[in-house]
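Have a look at the structure below, then the notes.
In what follows, residues are counted from 1 in the order of the sequence shown. Fair warning: this is a prediction, and the values are worked out from it, not measured in the lab. Atoms within each ligand, like the ligands themselves, are counted from 1 in listed order.
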Amino acid sequence: MKKAVVITGASSGIGAATAIHFGKNGYFVYLMGRNKDRLAEVAAKCRSGASLMSCDLTDLPALNKRISEITSTTIHKVEVLVNNAGIFDVHSTEEGTDELWQKEFDVNLMSAVRLTRAFFPYFKKHGGGSIVNVSSSLGLKPTAATSAYSAIKAAMINYTQSNALEGGPFNIRANCVAPGIVDTPIHPFNSLDEAKKQEAIAQMNPMQPLGRIGSAEEIAKAIYFLGSPDSSWTTGAILPIDGGITIS
Ligand SMILES: NC(=O)c1ccc[n+]([C@@H]2O[C@H](COP(=O)([O-])OP(=O)(O)OC[C@H]3O[C@@H](n4cnc5c(N)ncnc54)[C@H](OP(=O)(O)O)[C@@H]3O)[C@@H](O)[C@H]2O)c1
């Protein structure tokens with residue numbers, strides 16, 4: 001059976017770059033996301049084949065249908081699950097309504113919980129597997145006006161380590177990346193015109209010890225390292241990839 005990876009949020013940014021990187025390294029890629037056109041564009045760049053698994057991760061019947069389609073395949077062996085999908089909402093503590101919290105909780109954490117719960121028995125049956133969760137530098141060090149996002153990304157870190165402890169005896173590894181500021185559509189600066197976007201980035205660059213914000217490809221390489229056998233003796237690790245912003 002050909003090796004495969006499941007990636008959520010594969011239609012854009014970090015997830016798309018990760019899909020392409022795994023494809024370059026011989027993995028068939030199951031691409032999850034809502035936007036079918038963007039998933040198809042990413043699939044065309046995945047060198048070792050890809051399947052479009054479009055669904056809203058908060059739509060449980062649709063998610064469960066996709067999970068059973070993937071776990072019942074006999075053509076591929078899923079070796080890696082990348083829980084990457086996410087949304088980023090900036091609001092003050094007072095503006096943080098239950099609805100805003102619930103939405104971030106469902107997309108950013110519960111989608112990973114549901115997929116991990118489904119893939120644990122699959123990995124046990126197939127002799128192991130590797131889970132990579134995408135947290136954030138804000139999960140390690142929050143800022144003002146990101147309380148829901150930061151708290152939920154911190155929960156992702158703790159959840160990863162719990163799964164690493166539980167999965168160890170079954171050769172299931174669980175690790176986490178904690179990206180800093182990465183140039184992807186998740187940031188409002190990406191909706192600005194090019195000149196204003198460059199102005200916003202120029203203001204952010206000096207906040208990083210390495211003097212610049214990151215690219216999706218830089219995160220993809222780290223996710224690949226943690227997902228693939230290159231990191232075969234690593235589990236429960238939280239890897240900041242952040243230009244040094246977390247220690248500044
Ligand atoms: N960029 C950064 O600076 C940064 C920093 C730290 C952590 N992160 C984390 O990195 C991850 C990827 O973010 P990104 O920067 O690459 O942002 P992005 O380009 O906006 O990508 C977000 C992805 O999540 C998917 N998604 C969102 N809601 C969904 C839902 N309800 N159902 C299914 N898929 C959904 C989107 O797919 P559709 O639109 O097709 O549904 C998209 O593919 C997120 O977890 C984010 O929190 C990003």
Side-chain angles (χ1 to χ4, degrees), residues 6-21 29-43 50 52-67 81-90 100 102-115 132-143 146 148-157 159-160 176-191 197 200-201 204-205 207-208 212-220 222-223 238-243 245-246:
V6 176
I7 304 175
T8 68
S11 58
S12 175
I14 293 169
T18 302
I20 294 163
H21 198 77
V29 192
Y30 287 98
L31 302 161
M32 301 191 82
R34 289 168 302 184
N35 188 308
K36 289 182 191 162
D37 293 343
R38 280 194 277 120
L39 286 177
E41 281 170 30
V42 176
L52 273 55
M53 291 281 135
S54 63
C55 84
D56 185 331
L57 292 167
T58 64
D59 174 347
L60 299 196
L63 175 61
N64 288 334
K65 184 168 173 284
R66 289 312 196 187
I67 289 170
L81 167 65
V82 180
N83 288 309
N84 162 75
I87 52 173
F88 177 53
D89 189 45
V90 178
L100 285 170
Q102 193 63 54
K103 196 169 174 212
E104 290 213 30
F105 187 72
D106 284 342
V107 179
N108 293 7
L109 185 65
M110 285 311 295
S111 66
V113 170
R114 290 175 175 129
L115 278 152
V132 186
N133 292 327
V134 179
S135 177
S136 166
S137 56
L138 294 174
L140 294 165
K141 187 179 173 189
T143 57
T146 62
Y149 183 83
S150 297
I152 290 163
K153 288 296 189 183
M156 182 70 128
I157 288 171
Y159 180 66
T160 303
C176 204
V177 292
I181 306 173
V182 184
D183 185 0
T184 74
I186 207 168
H187 289 289
F189 65 68
N190 259 304
S191 336
K197 176 183 164 178
I201 290 176
M204 280 182 275
N205 282 339
M207 291 157 62
Q208 346 283 316
R212 63 172 177 85
I213 66 168
S215 71
E217 289 71 24
E218 287 172 305
I219 312 302
I223 294 174
I238 311 305
L239 180 58
I241 316 149
D242 62 357
I245 200 168
T246 310

Problem - A10: partners by side-chain contact (heavy atoms from CB on, under 4.5 Å), with sequence neighbours left out - result: I7, L31, L39
Practice task
Around atom 28 (N) of ligand 1, find the nearest protein heavy atom and jot down its residue, atom name and distance.
Solution key: R34 NH2, 3.4 Å
Exercise for the section: Mind checking whether Y149 contacts ligand 1 via backbone (N, CA, C, O), side chain (CB onward), both or neither, at a 4.0 Å heavy-atom cut-off? Expected result: side chain
Handout entry: Close-contact set for ligand 1 against V134 heavy atoms, below 4.0 Å
Key = 9 (C), 10 (O), 11 (C)
Exercise for the section: Counting heavy atoms only, name the option from D183, V42, T184 that's nearest to atom 15 (O) of ligand 1. Expected result: T184
Problem - Part of L57 within contact of ligand 1 (heavy atoms, under 4.0 Å) - result: both
Exercise for the section: Consider ligand 1: state whether an atom of it lies below 4.0 angstrom from any non-hydrogen atom of N84. Expected result: yes
Handout entry: Atom indices of ligand 1, in the order listed, that fall short of 4.0 Å to a heavy atom of H187
Key = 1 (N), 2 (C), 3 (O)
Fill in the blank from the handout: Going by the 4.0 angstrom heavy-atom rule, the piece of M32 near ligand 1 is neither
Practice task
Please list, chain by chain and in numerical order, all residues satisfying side-chain contact (heavy atoms from CB on, under 4.5 Å) with R38, sequence neighbours excluded.
Solution key: S11, S12, N35
Fill in the blank from the handout: Under 4.0 Å between heavy atoms, the region of S135 that gets near ligand 1 turns out to be backbone
Practice task
With heavy atoms under 4.0 Å as the rule, classify the contact between C55 and ligand 1 as side chain, backbone, both or neither.
Solution key: backbone
Problem - For D56, atoms of ligand 1 separated by under 4.0 Å from a heavy atom - result: 30 (C), 31 (N), 32 (N)
